[in-house]
Amino acid sequence: MKKTVLVSGGAGFIGSHVTVELTNAGYDVVIADNFSNCDMTNYKGVCQILGKELPLIKMDFCDAAATDKLFTDYKIDAVIHFAAFKAVGESVAEPIKYYKNNLDSFLNVLEAARTHGGCNVLFSSSATVYGETDVLPVTEQSPRQPATSPYGNTKQMCEDILRDTVKAFPQIKGIALRYFNPIGAHPSALIGELPNGVPNNLVPFITQTAIGKRECLSIFGNDYPTPDGTCQRDYIDIVDLAKAHVCAVTRMIDGKMDESYEIFNVGTGRPVSVLELVNAFEKVNGLKLNYKFTPRRPGDVTAIWADPTRANEVLGWKAERTVEETLAAAWAWEKAIAK
Ligand code: UFG
C-alpha cells in the first residue's frame, strides 16, 4: 500500500521540490501551508510537473486543532516539517515572533503525531547549528556552537525537542537533516525560490542582478582568511537536497533506522567561495555580472562545508549535480518568472 507523507510548508522552495521527488518515488503527498511566505506559484508548478493535482490544505501549524484534524483526516506515515520563518535578520528584530511560530508549529506536529498513534518525523534543520568552527569539514559529531540568531536557535531547539520526544515516545521516530546552502531550481523551471523583497541569500541576489532587477551584487567581504578572501560555503542543489528527504523518509518508514533519532548533514563536501560562485555563474550562463566588494556582513561565518560521509553511506544518498548545472537551473528559473 502506498504510504502518505505530510509536507508542512510544502508550497515553499524546499517543500515543493521535496514534494516532486517524493511523488516520483511513489509516495502520496499531502501539502499543508499557510502561504505566509509564498504564493500558489510553486504549488501550481508541482502539479504541472507531476501532471496531477495534489491535496493542498491551507492551514497554520500554530493552530493545534487544525494540526490535529490533519492527522485525523489522513493516515500519515511520515511528516516532513518545513513550515517555519527563515529570515536570520528578521529573527533578530522579531525574536518572539520567531520563537512562537517555529516552536509552536513543531510542537503541534509532535503532539498530533503522538496522539494519533505515532509517526515518523523529519525535521528540516540547518548547518547554522554548527556556527563558526575551525575544524572543517563538519561531521554530525562536530559540536554545535551557541546560535547567533533566534532563527538559528529555533533550529537547535527543535532538534533537541525532537531528540527528547523520540526518547519519551517510542511510537515517534525522528531524523534531522542539516542542510548546507540550498540553491538552484527544478530543471523544468516550473518551481524555484521566490524571495520576498530584496533577497538575503546569494544566489537569488545574483540572478536578480543578472536580470536587471538589482543594480549590483555586493560581495560581503574579501578580507577573510580563505584562498580568495571571500567566504566559503557548501552549495547544495535543491533537487539533490530533495532526494535526501526521500532517502530519509524511506529509511524511517521501512524501519531501517539504527537509532530512533538520527542526524545527517546534507551537503556536497565541496567548499565554494562567493567569488568562485559568481565566476561559475558568469561562465556557465555566458554573461557578466555587475558586482563590487563591500564590508563583511555581520554574523557571517568565514567558511563552512559538510562532511557528507554519513549521508552517503547510511542514507545511500549523494549530491550529484555540479555547481554549474545548478547555477544554470537558477538562471533558467529567474528568466521563467520574469516572463
Ligand atoms: N553574500 C554576499 N552577498 C549577498 C548575499 C550573500 O556576498 O548579497 C555572501 C554571504 O556573505 C555568504 C555567502 O554569500 O558568505 C552565502 O550567503 P547566504 O545568505 O546565501 O547564505 P548563508 O550561508 O549566510 O545562510 C545560510 C542559510 C541560512 C542560515 C544561515 C545561518 O541559507 O538559512 O546560513 O548563518 F540561517
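Start at 1 and go down the list; that is how both ligands and their atoms are numbered.
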Item checked: Lys2, NZ atom: more than 12 neighbouring heavy atoms under 6.0 Å -> yes

Check: For residues 101-148, which residue pairs qualify under ring-ring contact (aromatic ring centres under 6.0 Å, His included), counting only residues two or more places apart or in two chains?
Finding: Phe71-His116, His81-Phe106, Phe106-Phe123

Next item on the list: Name all pairs fulfilling the side chain to side chain donor-acceptor pair (under 3.5 Å) condition that reach into residues 192-201, sequence neighbours left out, sorted by first residue then second.
Entry: Asn37-Asn196

Next item on the list: Heavy-atom cut-off of under 4.0 Å around ligand 1: list whichever protein residues fall inside it, by chain and number.
Entry: Val88, Thr128, Tyr151, Asn181, Asn200, Asn201, Leu202, Phe205, Leu217, Ser218, Ile219, Phe220, Cys231, Arg233, Tyr235, Val274, Arg297, Asp300

Checklist line | Side-chain heavy-atom pair Val79, Val5 within 4.5 angstrom cut-off | finding: no

Notebook entry, point to check: Is there a side-chain contact between Val7 and Leu22, using heavy atoms and a 4.5 Å cut-off?
Noted result: yes

Note to self: Using the ring-ring contact (aromatic ring centres under 6.0 Å, His included) criterion, which residues pair with His245? Sequence neighbours excluded.
What the structure shows: Phe82, Tyr179

